[in-house]
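Have a look at the structure below before the remarks.
First the proteins, then the strands, lettered A, B, ... as listed; each starts at 1. Here the structure is a predicted model, which is why all the values come from computation and not from measurement.
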Amino acid sequence: MPELPEVETIRRGLEHYLVGHKIVDVEIRVPKLFEGNPKDVIDGKVKKVRRFGKGLVIDLSNGYSLAIHIKLTGQLIYRDKKTEDEPVSKEKVGTLPSKLTHVIFELDKGARLYYNDARRFGWIKVVKTDEVGNLPFFKSMGPEPFKDLTLEYFKKVLMNSNLAVKPLIMDQKRIGGIGNIYANDALYYAKIDPRRPAKTLKDSEIKKLYEGVHKVMEEGMKYGGSSELNYVNVLGQEGSYQDHTLAYGRQGDICERDGGRIQKIYLGGRGTYVCEKCQK
DNA sequence: AGTATCCTGGAA
DNA sequence: TTCCAGGATACT
């Protein structure tokens, strides 16, 4: 599921392939995903691509931006004459456009940007660049790992909440970018039970968890993200972090630290993976 | 703090 | 055929 490492991988790809391209036309096949006037982005040239937590912003030269959230199953795939011959994931993407393609950005020089989304949870919004920060999702976003999430702030968030630590660190308003996969793995790394009320964590545990969050997300980016679900990069290729998770998706596996078995439980309605022997 | 909602492909 | 997946929001 796209979290910070997946969305950052996409951002880098978009930055690399999109900057300099002009948007020539927009084809909207599923209107509910698209907000704002598509005409406002036509003739706009891509200046840069930003990421805030799990959200993306494509800034154009004409004062408008595309704010995008791919939620669980969104894909942004770039194709041009050069990349056309590089195969996209047959399983996750198929032939473009597919029946899951809901928006197509026609770019200059014969290039295209496809937005696919199996579950149609994602959104694309046209907004003035200087109003991006007013969108509720961006406005309420907390500080994020690798950026402005300091250990001091992290400590403060955890110490002041009775919430179970896992749903707490996944709250985008408090901390941006952490989702289910990396929350599970970071907690496993730090040997902390995801159900622990956050304020019961000791300083040393908070520090270890902070370290774990960064560690597992770094691994995520190293492996090009997790393609457990529909995630692919802008070339339509899968990542492989799903083969390197510490705890996520590993129910029944033996914990290599102590030989315990990783259990799947539900916490806050979400699949949660925990070795009860070493995660206390 | 837990639960329903959106939505649908794919697994069971 | 039913159920599950979960990011974010909106309820209760």
At under 4.0 Å between heavy atoms, what does A:Lys32 touch on the DNA or RNA strands: base, sugar-phosphate, or nothing?
sugar-phosphate

Relative to A:Tyr188, does A:Arg257 satisfy both conditions: NZ or CZ under 6.0 angstrom from the six-membered ring centre, and within 45 degrees of the ring's axis?
yes

Determine the contact category for A:Gly271: base if any of its heavy atoms lies under 4.0 Å from a base atom, sugar-phosphate if only primed atoms, P, OP1 or OP2 are that close, otherwise nothing.
sugar-phosphate

Applying a 4.0 Å non-hydrogen cut-off, can you work out what A:Leu163 is touching in the nucleic acid: base, sugar-phosphate, or nothing?
sugar-phosphate

Checking all strands, does A:Tyr182 fall into the base, sugar-phosphate, or nothing category for heavy-atom contacts under 4.0 angstrom?
nothing

Close aromatic pair by centroid cut-off 6.0 Å: A:Tyr78 and A:His16
no

Students often get this wrong, so: under 4.0 angstrom with heavy atoms, is A:Leu229 touching a base, only sugar-phosphate, or nothing?
nothing

With A:Glu6, which of A:Tyr241, A:Tyr231, A:Tyr182 fulfils side chain to side chain donor-acceptor pair (under 3.5 Å)?
A:Tyr182

Kindly say whether, by distance alone, the side chain of A:Arg270 makes a donor-acceptor pair under 3.5 Å with the base of C:dA5?
no

Base, sugar-phosphate, or nothing for A:Gln172, non-hydrogen atoms under 4.0 angstrom?
sugar-phosphate

Identify whether any heavy atom of A:Lys166 sits under 4.0 Å from a base atom; if not, whether one sits that close to sugar-phosphate; answer base, sugar-phosphate or nothing.
nothing

A:Glu205 and salt bridge (charged side-chain N to carboxylate O under 4.0 Å, His left out): which partner among A:Lys199, A:Arg196, A:Lys280?
A:Arg196

Categorize A:Lys173 for me: base, sugar-phosphate, or nothing, with a 4.0 angstrom heavy-atom threshold over every strand shown.
sugar-phosphate

At 4.0 Å (heavy atoms only), tell me whether A:Asn162 reaches a base, stays on the sugar-phosphate, or touches nothing.
sugar-phosphate

N or O in side chain of A:Tyr248 less than 4.0 angstrom from C:dG6 OP1/OP2:
yes

